[in-house]
Protein chains: 2
Amino acid sequence: MSVPEEEPRWLTEPEQRTWRSFLTANRLVFDQVERQLQQEAGLPHAYFEILVRLSEAPGRAMRMSELASTSLSSRSRLSHAVARMEEAGWVRRKPCESDRRGQIAELTPEGLAQLEGAVPSHVEEVRSLLFDALTEAQREALLEISDAIIDHITDGDPPWPVVPDGADRPGQPA
Amino acid sequence: MSVPEEEPRWLTEPEQRTWRSFLTANRLVFDQVERQLQQEAGLPHAYFEILVRLSEAPGRAMRMSELASTSLSSRSRLSHAVARMEEAGWVRRKPCESDRRGQIAELTPEGLAQLEGAVPSHVEEVRSLLFDALTEAQREALLEISDAIIDHITDGDPPWPVVPDGADRPGQPA
DNA sequence: CCCAACGGCTTGAGTGTTCAACTAATTCCC
DNA sequence: GGGAATTAGTTGAACACTCAAGCCGTTGGG
């Protein structure tokens, strides 16, 4: 109804095509990842990511707020998610010693088993959806592009370290 | 719980980094697009996309099933979404002449106004989130990569024509 | 010391998405 | 032509996410 006074900088035609393709590619990939994970392991991708982050943390435990930011989740979302996963027995909540406001989420053995059960087919799916479609040069370009976007948006303050520090097991995609 | 018998093809370390960055970049971009559109125009991105597709269709009307596939929406999702947008007065349902099972969704003037009100700030957001982060070469690479992914997944049968055919107005991102 | 501001986390209502089940019209094909 | 299979679309229940509000702890001046 109300149109801003200034004419916005429209997208050029190539930009628009890029945006639409980017959007489409993303929907296709992530919708399928979501479906696959839900079917094979009965968990949404957001939960999977939370479990991955927890599994990589020292002691397989992490402060709620830290877990929220590393898994790109709002606090609210994480709260709901951990509540559900606690019911499922995959996660335990513990009070935080140093700050009585805090909560620590800890991955249970059952949660780890759940995660490890979900990983193989998920990895397979990611490979077949994404990497099988790309040449090595494209893969590399995609990494650089993604990092450029992340840097731009977070202003050089990425939500998690680029190189995961968990060293005792093969890396998990998240 | 049940682990497949064959060791899956693990992701290489560069592949894993690429996947994580891709995932992160995507979340950052699309979460923000969603938030922005919700705040400024009070509609989710999925609804916005539906309105865009409708606005580009001849007669600003389209069969439900066609609309579903061009907007990358499930039939169920579209049904719910159109129901809501019909309540809001943005869309009208009409019976389909040639197939009495069919329904035709038509964009109302109010719906068009809603869309046109939402576009400028959305375009601005897309530009500042995505294109401001990329060089022209990267933008081009992103287009090629996205198209490669789309082709791979849809097996050369993209859900909508690459070049939008609406000609009487500046292109809208979706 | 105390009160106000802040930070960490949870909660509940509202909304969107999914999945499976369902109705109804159409097509296939014997 | 008639009945099975298919296609179009809707519906409701289950679930996840968002937003705003709220509850404690903690911190930082006066």
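Any value given below was found using the heavy atoms of this structure, including those in side chains, with hydrogens, waters and symmetry copies removed. Sequence lines set the chain letters: A, B, ... in the order given, protein chains first and strands last, and positions in each chain run from 1.
When the side-chain nitrogen and oxygen atoms of R93(B) are compared with OP1 and OP2 of dG9(D), none of them lie within a distance under 4.0 Å. Not one side-chain nitrogen or oxygen of R35(A) sits closer than 4.0 Å to the OP1 or OP2 atom of dT18(C). Neither OP1 nor OP2 of dT10(D) sits under 4.0 Å from any side-chain N or O of R75(B).
Heavy-atom nearest nucleotides on DNA chain D were determined for G102(B) and for S76(A), and the one closer to the 5' end corresponds to G102(B). DNA chain C is contacted by both M64(A) and P44(B); M64(A) maps to the nucleotide lying nearer its 5′ end (nearest heavy atom per residue).
Side-chain proximity of S79(A) to dG8(C), dT10(C), dT10(D): nearest is dT10(C). The listed nucleotides are dT17(C), dG25(D), dG9(D); the one nearest the side chain of D99(A) is dG25(D). Considering only the side chain of S74(B), dT18(C) comes nearest among dT18(C), dC9(C), dT18(D). Taking every side-chain heavy atom of R77(A) into account, dC17(D) is the closest of dT10(D), dC17(D), dT10(C). Taking the side chain of R63(A) as heavy atoms from C-beta on, and the options dT15(C), dC9(C), dG9(D), the nearest nucleotide is dC9(C). Distance from the side chain of H80(A) is smallest for dA13(C) among the nucleotides dG8(C), dA13(C), dT18(C).
When each of S73(A), S74(A), S79(A) is paired with R77(A), the side chain to side chain donor-acceptor pair (under 3.5 Å) condition holds for S73(A) and for no other.
Under 3.5 Å, the side chains of R35(A) and Q38(A) contain no donor-acceptor pair of N or O atoms. For the 3.5 Å distance criterion, the side chains of E144(B) and Q138(A) fail to qualify, holding no donor opposite an acceptor. Between the side chains of T18(B) and R139(A), at least one donor-acceptor pair of N or O atoms lies under 3.5 Å.
Contacts of S65(A) with the nucleic acid, taken as non-hydrogen atoms under 4.0 Å apart, involve only primed sugar atoms and P, OP1 or OP2. A83(A) comes within 4.0 angstrom of nothing in the nucleic acid, heavy atoms only.
In this structure, the CZ atom of F30(B) is 15 Å from the P atom of dT18(D), given to the nearest Å. dA14(D) atom P lies 11 Å from atom CZ of R84(A), rounded to whole Å. For the pair L43(A) CG and dA14(D) C1', the interatomic distance rounds to 16 Å; values are reported in whole Å. Whole-Å rounding puts the E86(A) CD to dT10(C) C1' distance at 12 Å. Here the P atom of nucleotide dT17(C) and the NE2 atom of H45(A) are 19 Å apart, to the nearest Å. dG8(C) atom C1' lies 18 Å from atom NZ of K94(A), rounded to whole Å. Protein atom CD of E87(A) is 13 Å distant from nucleotide atom C1' of dA16(D), rounded to whole Å. Following rounding to the nearest Å, R100(B) (CZ) and dG9(D) (P) show an atom-to-atom distance of 15 Å.
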Q) Run the salt bridge (charged side-chain N to carboxylate O under 4.0 Å, His left out) check on R75(A) and E66(A) step by step: do they pass? A) CA-CA 10 Å; R75(A) 286 163 191 277; E66(A) 194 188 351; over 6 Å; no

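With hydrogens and angles left out, the side chain of R101(B) and the base of dT26(C) share no donor-acceptor pair within 3.5 Å.
At a threshold of 4.5 Å between side-chain heavy atoms, the hydrophobic network of Ile, Leu, Val, Met, Phe, Trp and Tyr places V29(A) and L143(B) in two separate groups.
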